[in-house]
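Below is one structure, written out as structure tokens; the observations come after it.
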Amino acid sequence: MRTRFAPSPTGFLHLGGARTALFSWLYARKHQGEFILRIEDTDVERSSQEAVDAIIDGMNWLGLDYDEGPVFQMQRMARYQEVIQQLLSEAKIYKCYCSKERLEKLREMQMANKEKPRYDGRCRNLVEEAEGEPFVLRFKTPLQGSVIFDDLVKGPIEVNNAELDDLIIQRTDGTPTYNFTVVVDDLDMNITTVIRGDDHINNTPRQINILLALGVIPPQYAHVPMILGQDGKRLSKRHGAMSVTQYREDGYLPEAMLNYLVRLGWSHGDQEIFSKEEMISLFDLQDVNRAPAAFNTEKLQWLNQHYLKTESPDYIAGLLAKHLQMIKVDIANGPELILVVNALRERSKTLVEMAEKAACFYQDKVVYDVKAADKFLNEDILPVFEFLHVQLQNIIDWNEDSIGAVFKLSLETFNLKMPKLAQPLRVALVGSTQSPGISTTLHLLGKDKALHNISQALDYLKVL
RNA sequence: GUCCCCUUCGUCUAGGGGUUAGGACACCGGGUUUUCAUCUCGGCAACAGGGGUUCAAAUCCCCUAGGGGACGCCA
């Protein structure tokens, strides 16, 4: 079993491409086959090395490793020429001298007549060659019959050859076109299963005809539906036609991305969470949906939090470090990252969010949320803070138990209910009313910083 | 316009002749709780429409509507 992912390097790896790659990869891995990366760069104008790098970066991030490639089509020109010569000698393709202008007019006329625009085959039976005139090479599509193929996702599809025209396989400049190079490559690479977006369904009969002309058995095809944006419309820049690696920047784990992607158009009963191993063993093209699926950020976030909660704290800490660096938080002076992860993983949907919440443990000054300070930092709490400051200072072994004991003593001394003290203290310690458990927060801050922050609050309270 | 593909809660989906049409996200409410979360319990919510076939249709067939794609010397 051999599958391939064949993007054209004209942009980054977006969601749709990533999912197609994932399905191809899963199918190959499931059957202990090979997965090949092929770069379709015959459109020299629009292809770029940056795009190649971006695609590979995206695949690496998701862990979609390939067994062969990247194979570049531009490096296979000699081979395409060879096949073209063969087809030419067998009269299965022909030179067409029709100008672009003529083709343009033809198309307009056909549209006006409410016909499907297609080449009329004028040069198909030309007896004499026009020496020195520019020409393209066209494939002689069978005039009769139809192409039938059994799509692994969509089921049987039949297209009448009469619907097809003689497609161009080589341009005036001598370069081969997409429908031709795909066929030659899939053939040479022994691709057994072509998995791609269903926008290629229309190309499939043409490609099968070429394969048949070459005298070979076509591979199996599996056309997976497109991914739609949040609004159910085609993916656009706003909501997902962005690079998958943007999600890495936005604080998503590759595990979550992969899990989200695999469930978009594929399912296994009621199961929502899949490890990579489970995906591989459970995946099957039979279970891929035929209808397009809309992208939904909420579910991705839920999955992301799930993996933040369940992956090893060590792993999360490593990623969190990068995100803290991005927002210029120096983690040299502050708690161990793993402790922070444990305190925040249940209250963060992304690493970006976690980094924002973690920042307060590493900063020298507390910046108060105005509303929170107005509500909770008032003179009533001043004596409590003073007491707390002294008591905390006396702690020798700074841990959650000893801190908890001091906290309890403070509550008893001033006859306060837990929230009456916890909330003002939160504001004093981290600036907002939201934080991990109060003992944990104090512990994470460390004795020095905790006392320092309470002092800062006392100063603030005294000038009120 | 022509051809191709698609249609189950708002979203992702299960279900392939007999189901109170199931799960998940989101949303709403209860519980736990020290805030926010987590966790937990419950609720809301769908077979696009119309014809057939059948004792019985979400499920099979046809039509209509709606959505998407293709119709390039792009891939």
Side-chain angles (χ1 to χ4, degrees), chain A residues 6-10 40-43 45-47 73 96 98-100 103-104 107 110-118 134-138 151 153-155 157-160 162-165 167-179 181-182 196-205 223 225-226 228 230 232-234 260 263-273 287 289-303 305 309 344-349 357 372 376 407 411 417-423 425-427 432-441:
Chain A
S8 61
T10 53
E40 312 219 319
D41 55 353
T42 52
D43 184 354
E45 298 275 298
R46 298 193 298 158
S47 298
Q73 292 192 315
C96 168
C98 294
S99 66
K100 287 185 182 177
L103 264 21
E104 187 66 31
R107 199 167 305 144
Q110 286 164 329
M111 290 286 258
N113 289 336
K114 303 192 173 190
E115 285 169 20
K116 187 172 177 173
R118 35 141 100 82
F135 63 87
V136 297
L137 256 22
R138 284 184 188 272
D151 195 280
V153 171
K154 306 267 185 180
I157 295 175
E158 175 172 8
V159 176
N160 226 306
E163 292 296 332
L164 275 24
D165 65 357
L167 69 155
I168 293 172
I169 66 165
Q170 186 183 90
R171 305 181 183 97
T172 314
D173 67 3
T175 56
T177 60
Y178 166 76
N179 276 302
T181 56
V182 166
R196 62 194 355 172
D198 69 2
D199 48 334
H200 284 293
I201 287 182
N202 295 281
N203 287 324
T204 307
H223 288 98
M226 322 228 79
L228 274 24
Q230 296 269 26
K233 296 265 168 56
R234 202 194 161 123
Y260 181 72
R263 280 285 290 101
L264 217 48
W266 174 80
S267 60
H268 179 72
D270 285 342
Q271 190 170 341
E272 296 287 349
I273 306 294
D287 302 319
N289 238 46
R290 284 187 292 271
F295 183 81
N296 180 256
T297 310
E298 278 79 34
K299 192 146 188 180
L300 207 211
Q301 287 184 335
W302 173 76
L303 277 165
Q305 182 164 38
K309 285 187 298 190
L344 294 176
R345 65 203 314 202
E346 282 182 0
R347 50 198 103 227
S348 313
K349 286 189 178 354
K357 288 181 168 149
F376 292 106
F407 198 80
L411 290 177
K417 286 265 170 31
M418 181 68 99
K420 287 287 180 195
L421 177 52
Q423 286 305 75
L425 189 54
R426 272 202 174 82
V427 179
S432 89
T433 54
Q434 295 170 19
S435 86
I438 202 72
S439 296
T440 306
T441 303

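Numbered from 1 within each chain, the chains take letters A, B, ... in sequence-line order.
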(request) Taking atom P in both B:G67 and B:G51, compute the distance separating them and give it to the nearest angstrom. (result) 23 Å
(request) Measure from the side chain of A:Glu346, starting at C-beta and using heavy atoms only, and say which of B:C3, B:A37, B:A75 lies closest. (result) B:A37
(request) Determine which nucleotide pairs with B:A48, using a 3.5 Å limit on both distances of a Watson-Crick or G-U wobble pair. (result) B:U64
(request) Would you kindly give the CD-to-P distance between A:Glu298 and B:A26, to the nearest whole Å? (result) 8 Å
(request) Let me have a per-nucleotide readout for nucleotides 28-35 of chain B, 5' to 3', with B, S or -, counting only protein heavy atoms under 4.0 Å. (result) ------BB
(message) Rounding to an integer number of Å, can you tell me how far A:Glu104 CD sits from B:C73 C1'?
(response) 12 Å
(message) Roughly how many Å apart are B:A45 and B:U38, using the P atom of each and rounding to a whole number?
(response) 25 Å
(message) Check whether A:Glu115 reaches the backbone of A:Pro117 with its side chain - one donor and one acceptor, N or O, closer than 3.5 Å.
(response) no
(message) As a quick check of understanding, evaluate side chain to side chain donor-acceptor pair (under 3.5 Å) for A:Ser435 and A:Arg426, giving each step before the final call.
(response) CA-CA 7 Å; A:Ser435 86; A:Arg426 272 202 174 82; 2.8 Å; yes
(message) I want to check one thing: is the phosphate of B:A75, taken as OP1 and OP2, less than 4.0 Å away from some side-chain N or O of A:Thr42?
(response) yes
(request) Starting from C1' on B:G69, measure out to CG on A:Asn202 and report it in whole angstrom. (result) 6 Å
(message) Would you measure the distance from the P atom in B:A48 across to the matching atom in B:U8 and give it in whole Å?
(response) 6 Å
(request) Nearest whole angstrom, please: distance from the C1' of B:U38 to the CD of A:Gln301. (result) 16 Å
(message) Suppose you measure atom P in B:G49 against the same atom in B:U11; what distance do you get, rounded to whole Å?
(response) 15 Å
(request) Could you work out the separation of B:U64 and B:C4 based on their P atoms and round it to a whole Å? (result) 13 Å
(request) Confirm from the modelled atom types if A:Arg118 and B:C71 form a donor-acceptor pair under 3.5 Å, side chain to base only. (result) no
(message) When you compare the side chains of A:Gln230 and A:Thr297, does any donor N or O come within less than 3.5 Å of an acceptor on the partner?
(response) yes
(message) Could you walk me through whether A:Leu137 and A:Phe135 satisfy the side chain to side chain contact (heavy atoms under 4.5 Å, CB included) test, starting with their C-alpha distance in whole Å, then the side-chain angles of each, then the deciding distance to 0.1 Å, before giving a yes or no?
(response) CA-CA 7 Å; A:Leu137 256 22; A:Phe135 63 87; 3.5 Å; yes
(message) Strictly by Watson-Crick or wobble contacts shorter than 3.5 Å, is anything paired with B:G43, and which nucleotide is it?
(response) B:C27
(message) side chain to side chain contact (heavy atoms under 4.5 Å, CB included) for A:Thr175 and A:Thr42? Distances and angles first, verdict last.
(response) CA-CA 8 Å; A:Thr175 56; A:Thr42 52; over 6 Å; no
(message) Measuring only between side-chain heavy atoms, which start at C-beta, is A:Tyr260 closer than 4.5 Å to A:Asn296?
(response) yes
(request) Find the partner of B:C71: check Watson-Crick (N1-N3 plus N6-O4 or O6-N4) and G-U wobble (N1-O2, O6-N3) distances, both under 3.5 Å, and reply none if neither fits. (result) B:G1
(message) Please encode protein proximity along nucleotides 5-15 of chain B as a string of B, S and -, counting only heavy-atom distances under 4.0 Å.
(response) SSS---SBSS-
(message) I'd like to know if the side chain of A:Asp151 and the backbone of A:His223 have a donor-acceptor N/O pair within less than 3.5 Å.
(response) yes
(message) Which is it for B:G50, anti or syn, if anything within 90° of zero counts as syn?
(response) anti
(message) Please check: side-chain N/O of A:Gln305 versus main-chain N/O of A:Glu346, any donor-acceptor pairing under 3.5 Å?
(response) yes
(message) On RNA chain B, compare the nucleotides closest to A:Gln271 and A:Gln170; which residue's is nearer the 5' end?
(response) A:Gln271
(request) Please evaluate the base of B:A70 for a donor-acceptor partner in the side chain of A:Asn203 within a cut-off of under 3.5 Å? (result) no
(message) Please determine whether the number of non-hydrogen atoms from other residues, nucleotides or ligands lying under 6.0 Å from atom CD of A:Glu158 exceeds 12.
(response) yes
(request) Nearest whole angstrom, please: distance from the P of B:C74 to the NE2 of A:His200. (result) 15 Å
(request) Write down the distance between CG (A:Leu303) and P (B:A26), rounded to a whole number of angstrom. (result) 10 Å
(message) Using whole Å, what does the distance between atom C1' of nucleotide B:A24 and atom CG of A:Leu300 come to?
(response) 14 Å
(request) Would you please name every residue forming a salt bridge (charged side-chain N to carboxylate O under 4.0 Å, His left out) with A:Arg107, sequence neighbours left out? (result) A:Glu104
(request) Indicate whether OP1 or OP2 belonging to B:G72 is found under 4.0 Å from a side-chain N or O atom of A:Arg107. (result) yes
(message) If I take atom CZ in residue A:Arg46 and atom P in nucleotide B:G72, what distance separates them, rounded to the nearest angstrom?
(response) 15 Å
(request) State whether the side chain of A:Thr172 and the backbone N or O of A:Val136 hold a donor-acceptor pair below 3.5 Å, judged by distance alone. (result) no
(request) State which residue, out of A:Ile201, A:Thr204, A:Asn202, fulfils the side-chain contact (heavy atoms from CB on, under 4.5 Å) condition with A:Ile157. (result) A:Ile201
(request) Have a look at A:Lys100 and say if it touches a base, only the backbone sugar-phosphate, or nothing, with a 4.0 Å heavy-atom cut-off. (result) base
(message) Under 4.0 Å from OP1 or OP2 of B:C74: is there any side-chain N or O of A:Arg171 that close?
(response) yes
(request) Take atom C1' in B:U33 and the same atom in B:G23, then report the distance between them in whole Å. (result) 28 Å
(request) Once you apply the 3.5 Å cut-off to both distances, tell me the Watson-Crick or G-U wobble partner of B:G18, or none. (result) B:C55
(request) Look at all strands and tell whether A:Glu40 reaches a base, only sugar-phosphate, or nothing, counting heavy atoms closer than 4.0 Å. (result) sugar-phosphate
(request) Considering only atom P, compute the distance from B:G50 to B:A65 and round it to an integer number of Å. (result) 15 Å
(request) Pick the C1' atom in B:G22 and in B:G68, then give their distance to the nearest Å. (result) 29 Å
(request) Could you check whether A:Cys98 gets within reach of a base, just the sugar-phosphate, or nothing at all, counting any heavy atom under 4.0 Å? (result) base
(request) Would you indicate what A:His223 reaches in the nucleic acid, counting non-hydrogen atoms under 4.0 angstrom: base, sugar-phosphate, or nothing? (result) nothing
